[in-house]
Number of protein chains: 2
Amino acid sequence: MESTISDDSRTLADRVFTRLQDDIVRGALLPGTKLGEAELASRYGVSRGPLREAIRRLESRKLLERIPHVGTRVASLSLGDLIEIYHIREALEGMAARLAATHMTDAEIHSLVELLGQHEQQQDLREDVAYFQREGDLDFHYRIIQGSHNGTLIDMLIGGIYHMVRMYRYQFSTVANRPQRALQEHRRIAEALESRDAEMAEILMRRHISRARQNIEAQHGLGAADSFSSETKQGPGPVEQSK
Amino acid sequence: MESTISDDSRTLADRVFTRLQDDIVRGALLPGTKLGEAELASRYGVSRGPLREAIRRLESRKLLERIPHVGTRVASLSLGDLIEIYHIREALEGMAARLAATHMTDAEIHSLVELLGQHEQQQDLREDVAYFQREGDLDFHYRIIQGSHNGTLIDMLIGGIYHMVRMYRYQFSTVANRPQRALQEHRRIAEALESRDAEMAEILMRRHISRARQNIEAQHGLGAADSFSSETKQGPGPVEQSK
DNA sequence: CCCGGCAAGATTGTCGACAATAAGCGACCC
DNA sequence: GGGTCGCTTATTGTCGACAATCTTGCCGGG
């Protein structure tokens, strides 16, 4: 059920880049999995040329780890890295919220409020709203980032950080275990945007992300961040290719 | 640990990536220049395969703009983008300074202070300290970023943003026209780090970068602070380098 | 029994050639 | 005379093959 599937990027390299990124982010390829070029090439039905270009791009995005003459593996990242990312998100998305309070159009804000309404309905309908809320949360943040109208910031956040966030979420099953509260916080942020209160929007957004981070820290034990690299070699065989 | 960043990489693709990036950042290739693959391949003495991989990586770093089936050009970026970048630097390097105040070792801080001493001497020796101060400024910021001991932040700043900053500096000849003042601000930041005052370090760093941004804005006559998001792709006319 | 060197296998890195697409240009039609 | 269509050409995209390097298993020596 993919909406707007195709960036039908004209070139094969771009398409395999997108597909590979999706497979990594969605957890179809487990972190640490060794990716043989020949295998991937036959899997995606392309030659090794475009595949290597895609790999280099994913490597730039820190989704793949490559060692020259050895091979490429799906980036297996520690909990500490996730915490680092959340700290950065706090700074960057706080800034995005502040900018959004000024630069967002009325239509954009209205649409955002509508989105929150949908989330509330979904919340009312089912308790098992993990997946929807999870995606919805991303959607909410996406819109505010876009609302900053700062192209560089948008690229950095959406093109550079959010893929990692999504990968972590799937990996750790970091389902928002407090969707109720998160939704309330979203609502507050939206209210600040509606009243064009930039400072308040930034503060609330920073708080929101900070709480999410604390939640993760508490959920996964404590912050023994450094020595947490489980090097268990995952078997390369059972990689499912979800269409 | 390798200190020389030049061409330490074993593979041709990595080396041509580094060399191409250097040529772009240092202004050897003017923004807007169309890069033919065959020409570049012969210039760097490699085949088109590794070259294309390097191009894809530079494209990810926003140093190259590529249009499928059309070609690749050196990213020609507007002044507005530079302002955006400085806003982001303000948030990110402010955070870096705050973290550095806590996580930097005494040795690192001491070395930083020594570096500032060298800058002062250079400043005393010659008035035409543009180049040294320029590189020195980068060096100062580099060290504080590294001092944050936040790997993701370091990657994002040094690997993702600073190349653009350097490119802009060469392009606009944005030489620090107030090295005296900048050096003073650096000194203050270092003092805050010495006294482990995280909050102060962040505030001073944010101020420092904010002033640099204002300086650029004033220097280039673009007084419009709010509407810097000129979405219209203002082609920098004179760089039409077609053969 | 353990360690170091060596060879075989496999995988990655690189290259040259072929195919597909878009820009440039001229001729033809309105 | 202007506009549009089709062809030419150059450039990019893709592919298969060759070479370099790392890994792995084996053999011999200490």
Side-chain angles (χ1 to χ4, degrees), chain A residues 6-21 24 29-30 32-60 63-76 231-237 239, chain B residues 2 6-21 24 29-30 32-60 63-76 233 235 239-243:
Chain A
S6 49
D7 358 32
D8 32 320
S9 314
R10 296 258 194 260
T11 80
L12 270 182
D14 290 339
R15 253 179 304 184
V16 66
F17 165 77
T18 302
R19 289 186 59 185
L20 224 184
Q21 180 174 244
I24 294 171
L29 297 172
L30 275 357
T33 308
K34 182 181 177 184
L35 300 179
E37 294 184 359
E39 179 193 348
L40 281 184
S42 66
R43 178 192 299 273
Y44 293 113
V46 298
S47 179
R48 280 178 51 211
L51 178 72
R52 284 174 64 87
E53 296 179 15
I55 286 178
R56 289 314 240 277
R57 283 216 275 169
L58 271 324
E59 184 196 358
S60 285
L63 262 52
L64 290 181
E65 291 173 353
R66 194 179 64 87
I67 303 175
H69 295 283
V70 173
T72 308
R73 305 185 314 175
V74 179
S76 74
E231 274 306 305
T232 46
K233 197 165 217 168
Q234 314 274 7
V239 264
Chain B
E2 287 130 14
S6 50
D7 20 325
D8 50 341
S9 307
R10 296 271 261 293
T11 80
L12 271 182
D14 290 339
R15 254 179 302 182
V16 66
F17 165 77
T18 303
R19 288 186 59 185
L20 224 183
Q21 180 174 242
I24 295 171
L29 297 172
L30 276 354
T33 309
K34 182 181 178 185
L35 300 180
E37 293 185 359
E39 179 192 346
L40 281 185
S42 66
R43 176 204 292 246
Y44 293 112
V46 299
S47 179
R48 280 179 51 211
L51 179 73
R52 282 173 66 86
E53 296 179 15
I55 286 178
R56 288 314 239 279
R57 284 217 273 168
L58 272 323
E59 184 195 357
S60 286
L63 261 52
L64 290 181
E65 291 174 351
R66 192 180 64 86
I67 303 175
H69 296 283
V70 172
T72 307
R73 307 182 314 176
V74 179
S76 73
K233 192 145 200 131
V239 279
E240 199 75 25
Q241 181 147 344
S242 61
K243 24 181 180 172

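Here is the naming used below: chain letters follow the sequence lines, and residue numbers restart at 1 for every chain.
Comparing C:dC15, D:dG13, D:dT14 against the side chain of B:H69 picks out D:dG13 as the nearest. The side chain of A:S47 lies closest to D:dC15 when the candidates are C:dA23, D:dC15, D:dG13. Distance from the side chain of A:R66 is smallest for C:dG13 among the nucleotides C:dC15, C:dG13, C:dT14.
As a whole-Å value, the separation of A:L51 CG from D:dT14 C1' is 13 Å. For the pair A:F17 CZ and D:dG13 P, the interatomic distance rounds to 15 Å; values are reported in whole Å. Put simply, CG on A:L40 is 17 Å from C1' on D:dT14, counting in whole angstrom units. Here the P atom of nucleotide D:dA20 and the CG atom of B:L12 are 12 Å apart, to the nearest Å. If you take CZ of A:R15 and P of C:dA20, they are 14 Å apart, rounded to a whole angstrom. Atoms CD (A:E37) and C1' (D:dA17) sit 15 Å apart, rounded to a whole Å. Distance A:R10 CZ to C:dA19 C1': 17 Å, rounded to the nearest Å. For B:R52 and C:dG13, the CZ to P distance is 17 Å, given to the nearest whole Å.
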Please evaluate residues A:L30 and A:V74 with respect to the criterion side-chain contact (heavy atoms from CB on, under 4.5 Å), reporting the C-alpha separation (whole Å), side-chain torsions for both, the decisive distance (0.1 Å), and the verdict. CA-CA 7 Å; A:L30 275 357; A:V74 179; over 6 Å; no
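The CG atom of A:L64 sits 9.5 Å away from the CD atom of A:Q21 when rounded to the nearest 0.5 Å. Atoms CG and CD, on A:L35 and A:E65 in that order, are 11.0 Å from each other to the nearest 0.5 Å. Put simply, OG1 on A:T11 and CZ on B:R66 are 5.5 Å apart, with the number rounded to the nearest 0.5 Å.
Among the protein residues, A:I55 comes within range of no part of the nucleic acid, since none of its heavy atoms lies under 4.0 Å from any strand.
Here A:R56 does not pair with A:E53 in a salt bridge; the nearest charged N to carboxylate O distance is not below 4.0 Å.
Nearest-nucleotide mapping onto DNA chain C: of B:E53 and B:R48, the residue sitting toward the 5' end is B:E53. Nearest-nucleotide positions on DNA chain D for B:V70 and A:G45 put B:V70 closer to the 5' end.
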